[in-house]
Amino acid sequence: MSNASLTATLFESPGERRSRPYPELVREVHDAHYASIFRYLDRLSGDPDLAADITQEAFVRLFRRGALPDKPDRWLVTVALNLFRNERSTMGRRARLAVRHASELGPASGPSPTERLESRRLQAKIRGALDRLSLRERELLLLRAEGYSYRDLAVVLGVKEASIGTLLARAKRAFEGAYEEVEHAP
Amino acid sequence: MHLDAETLERVLHGELDEARDAAAREHLSSCPICEAALEESRLRERRLFGLLEALDHEPPGLDWEAVEAPEAGRRGGFLVAASIAFVLAAGILYALPDSALRSWIDRTGREAPAGEAQKVPVGAPSVSGLSIQPAAPFEIVFAGRQESGIIRVELTDAPEVEVRVLGAPVDLESGPDRVTVANLGSRSNYEIRLPEAGPPVTVRVGGVAVFAKSRTGVQTAAPRTESGEYRIDLAGRGT
């Protein structure tokens with residue numbers, strides 16, 4: 001096989017997807033996965049501004065990549081997790097990107113003041129329970145909540161696929177225990 | 001004998017293969033204890049995931065100008081030729097189309113829209129590359145020094161190791177723990193991107209380690225540019 005024919009074969013497969021404008025493909029990935037990745041990072045970090053920044057940066061990198069990975073959602077969430085871990089380890093704040101700050105938007109719903117108070121209490125309890133888990137347990141649990149397969153979880157988190165179910169069961173028990181503790185804390 | 005936690009979770013999430021799923025369901029149909037455990041697990045998970053929704057905020061939306069800006073200023077109607085050299089072990093390789101090579105494009109001021117890679121003008125510079133997600137210590141092995149040529153190494157937050165050949169095509173061969181670059185006689189330049197948080201990576205030229213990235217840092221005699229890249233001179237000057 002000549003270089004030229006190999007080139008054509010590689011670039012033409014898997015077919016139509018590669019023949020369409022790349023920005024269009026990125027927008028499709030955005031429509032399918034942006035909300036889930038933002039939600040995951042928001043829940044993981046407890047910081048919607050940070051979640052927005054990291055999600056933005058992950059899409060910038062996807063765009064720069066110039067070609068979609070086989071599993072764009074898994075690629076994006078892996079990049080996002082690396083960014084989040086770097087952020088945590090340096091304890092610094094990434095320069096803000098030009099996105100609207102999620103915190104200015106408030107919660108998704110528009111409840112009454114009493115409901116908002118109750119909602120804040122509930123959020124504090126859930127946040128408190130999540131914060132008592134190890135980072136790995138939180139990452140695993142929250143990724144599963146977004147519907148990632150065991151294979152994806154294993155690849156993204158670098159753990160053995162054969163033990164994902166056990167780790168998930170453990171993480172859920174840990175959350176329930178932590179939630180009980182937070183609920184009954186004075 | 002009851003189903004273990006791993007199996008129960010996998011039944012719950014549809015993550016068993018057909019045979020094991022059938023065996024598990026047969027057991028469940030005759031074991032009220034496991035059946036109850038599965039149902040309880042299902043309800044508890046539903047409650048847990050439902051609780052998480054209380055934390056959610058409206059996604060703010062992407063700033064598309066910022067996403068697309070890096071290439072916006074470079075659209076000049078030129079075409080960067082791209083070709084893939086002989087890329088072996090194709091199952092674990094990912095051939096990089098030309099438009100992925102933003103940094104190179106930035107330097108050359110040219111661009112190739114995705115999907116037009118087969119339009120390779122004769123005599124134009126070519127780009128080849130591969131991308132691998134390393135799971136263990138990894139090596140990038142150049143066969144030897146060149147008469148001229150630079151390797152630029154950049155640490156990134158992406159999960160993959162990327163190796164790109166800028167110039168005349170060079171054979172790249174990949175295995176599970178290394179990429180071999182058959183660069184003898186070549187004058188091409190190279191770009192290497194390494195995941196900062198990934199496993200250790202060593203770059204060797206003619207058997208000599210010229211760059212090593214571990215989890216704790218980088219070891220190299222190569223100078224680091226203001227933009228954070230390391231420049232390894234393949235002609236041997238300064239490394």
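Values below: all heavy atoms of this structure, side chains included; hydrogens, waters and symmetry mates excluded.
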**Message:** Quick check on B/Leu12 against chain A: is it the side chain, the backbone, both or neither that has a heavy atom closer than 4.5 Å?
**Reply:** side chain
**Asked** What is the distance from atom CH2 of B/Trp64 to atom NE2 of A/His30, rounded to the nearest 0.5 Å?
**Response** 5.5 Å
**Message:** Can a donor-acceptor pair be found, under 3.5 Å and without considering hydrogens, that links the side chain of B/Glu6 to the backbone of A/Gly165?
**Reply:** yes
**Prompt:** For A/Arg170, is it the side chain, the backbone, both, or neither that has a heavy atom closer than 4.5 Å to a heavy atom of chain B?
**Reply:** neither
**Item:** Neighbour count >12 (heavy atoms, 6.0 Å) for atom CZ, B/Arg187
**Value:** no
**Message:** Measuring only between side-chain heavy atoms, which start at C-beta, is A/Arg27 closer than 4.5 Å to B/Glu68?
**Reply:** yes
**Item:** Any B/Asp4 side-chain heavy atom under 4.5 Å of A/Thr166 side chain
**Value:** no
**Asked** Is it the side chain or the backbone of A/Leu81 that comes within 4.5 Å of chain B heavy atoms, both, or neither?
**Response** neither
**Prompt:** Going from CG on B/Leu55 to CG on A/Leu44, what distance comes out if it is rounded to the nearest 0.5 angstrom?
**Reply:** 11.0 Å
**Request:** Check whether more than 12 heavy atoms from other residues, nucleotides or ligands sit under 6.0 Å from atom CD of B/Glu26, and answer yes or no.
**Result:** no
**Complete:** Between B/Leu62 and A/Gln56, the two heavy atoms sitting closest are CD2-OE1, 3.4 Å
**Asked** Checking side-chain contact (heavy atoms from CB on, under 4.5 Å) for the pair B/His13/A/Ser149: CA distance, chi angles, key distance, verdict?
**Response** CA-CA 8 Å; B/His13 298 137; A/Ser149 70; over 6 Å; no
**Request:** First locate atom CZ of A/Arg144, then atom CG of B/Leu48, and finally report the distance between them rounded to the nearest 0.5 Å.
**Result:** 12.5 Å
**Prompt:** Within a strict 4.5 Å, meaning less than it, do heavy atoms of the A/Leu62 and B/Val67 side chains meet?
**Reply:** no
**Request:** Report yes if some heavy atom in the side chain of A/Lys172 is under 4.5 Å from a heavy atom in the side chain of B/Ser41; otherwise report no.
**Result:** yes
**Prompt:** When rounded to the nearest 0.5 angstrom, what is the spacing between CZ in B/Arg44 and CD in A/Glu176?
**Reply:** 4.0 Å
**Message:** Whether the side chain of B/Glu15 engages the backbone of A/Tyr150 through a donor-acceptor N/O pair (distance < 3.5 Å, no angle test) should be reported.
**Reply:** yes
**Request:** Check whether B/Ala54 gets within reach of chain A through its side chain, its backbone, both or neither, counting any heavy atom under 4.5 Å.
**Result:** both
**Request:** Find the distance between CG (B/Asp56) and CZ (A/Arg39) and round it off to the nearest 0.5 Å.
**Result:** 6.0 Å
**Best-contacting candidate, B/Arg47, B/Glu53, B/Arg10, against chain A by heavy atom pairs under 4.5 angstrom** = B/Arg10
**Request:** Taking all non-hydrogen atoms of both residues into account, name the closest pair between A/Phe38 and B/Glu58 and its distance.
**Result:** CE2-O, 3.8 Å
**Portion of A/Leu142 that has a non-hydrogen atom of chain B nearer than 4.5 angstrom** = side chain
**Within 6.0 Å of CG in B/Leu43, more than 12 heavy atoms from elsewhere** = yes
**Request:** Answer with side chain, backbone, both or neither: which region of A/Glu146 has an atom nearer than 4.5 Å to a non-hydrogen atom of chain B?
**Result:** neither
**Fill in**
Interface check, chain B: of A/Thr55, A/Val155, A/Leu167, A/Ile164, most non-hydrogen pairs under 4.5 Å belong to A/Ile164
**Request:** Would you mind telling me which of B/Gly198, B/Ala5, B/Pro159 has the largest number of heavy-atom pairs within less than 4.5 Å of chain A?
**Result:** B/Pro159
**Prompt:** Is B/Glu9 reaching over with its side chain to a backbone N or O of A/Leu168, donor-acceptor style, under 3.5 angstrom?
**Reply:** no
**Asked** Got a sec: does the CD of B/Glu18 have more than 12 other heavy atoms crowding it under 6.0 Å?
**Response** no
**Prompt:** Where on A/Tyr34 is there a heavy atom nearer than 4.5 Å to chain B: the side chain, the backbone, both, or neither?
**Reply:** side chain
**Message:** So for A/Phe175, is it side chain, backbone, both, or neither that comes closer than 4.5 Å to the heavy atoms of chain B?
**Reply:** side chain
**Request:** Could you tell me the separation between the CG atom of B/Leu51 and the CD atom of A/Gln123, rounded to the nearest 0.5 Å?
**Result:** 11.5 Å
